[in-house]
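This report concerns only the one structure given below.
When a ligand or atom number is given, it counts from 1 through the structure's own listing order.
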Amino acid sequence: MNYAWEMLGEGVHRCRLRFLDVTIGLVCGRTGTLLIDTGTTLAEANAIKADVAEIAGSAVSHIMLTHNHFDHILGSSAFDGAAVYCAPEVAATIADHAGELHAHAMRYGADPDEVASAIAALRPPENLVHEAELDLGGTTVTITHPGHGHTCHDLIAVIANSERAVVFCGDLVEESGDPAIGQQSDLAAWPATLGRVLEAGGSAAAFVPGHGSVVGAEFIERQRRWLREQV
Ligand SMILES: [Zn+2]
């Protein structure tokens, strides 16, 4: 194994990448294997791919990208044949703003050549959605856009087939650092959006942040209070 994967429920796993502590989610059903976010480089993505083959025994069939930031999307082209689901804004970034993706990655210290080759390999995502239900065979993943927050188009994924729901929150929730408030963020809307993230999982759910350790509902409430204080 290239990464240390945590099992969060039946067929539900995640790992933390070394670069920027990005979370990668994995949901394995009988007929489909979903990857949630894909890392920054093709080298990272290929290491994830090898791990998925061991854990799931099959290739990635679906990818969900939580939002348009480089550290979540640039690895996606390593997964040939996977159907990519993302918000239309992610597709627009890939089509029209590759230069900004590169510049953003450089500000965070990514390798220039690796980022350039990942951007060159990007293809247009097939499924532009703000909500979707993915049937992976015995496991359903519900994708929704709970509102503006970290960006205007963050998507979350809820898996509710175990006794404890698992919610992949993207960067609407961060644990290893304060939430990243950027030019695309909507600070005024973010706390209410987190309210909908909480509702989507319920009070007992495991909430998986875009960066950091898995948290519970009380952490999300704390982060809502912190965000309200930043306005
Ligand atoms: Zn982000």
### Query
Judged by modelled atom types alone, do Thr140 and Asp135 share a side-chain donor-acceptor pair under 3.5 Å?
no

| Can Arg224 and Glu221 be counted as an ion pair, charged N to O under 4.0 angstrom? | yes

**Q.** Check: His153/His148 side-chain N/O donor and acceptor closer than 3.5 Å
**A.** no

The Zn ion (ligand 1) has as its nearest N, O or S atom from Asp171 the atom OD2

| Can you list the steps and then say if Asp171 with Val173 is a side-chain contact (heavy atoms from CB on, under 4.5 Å)? | CA-CA 5 Å; Asp171 286 357; Val173 179; over 6 Å; no

Answer key: the N, O or S atom of His69 nearest to the Zn ion (ligand 1) is ND1

So, His150 and the Zn ion (ligand 1): N/O/S under 2.8 Å, yes or no? yes

The atom of His67 among N, O or S that is nearest the Zn ion (ligand 1) is NE2

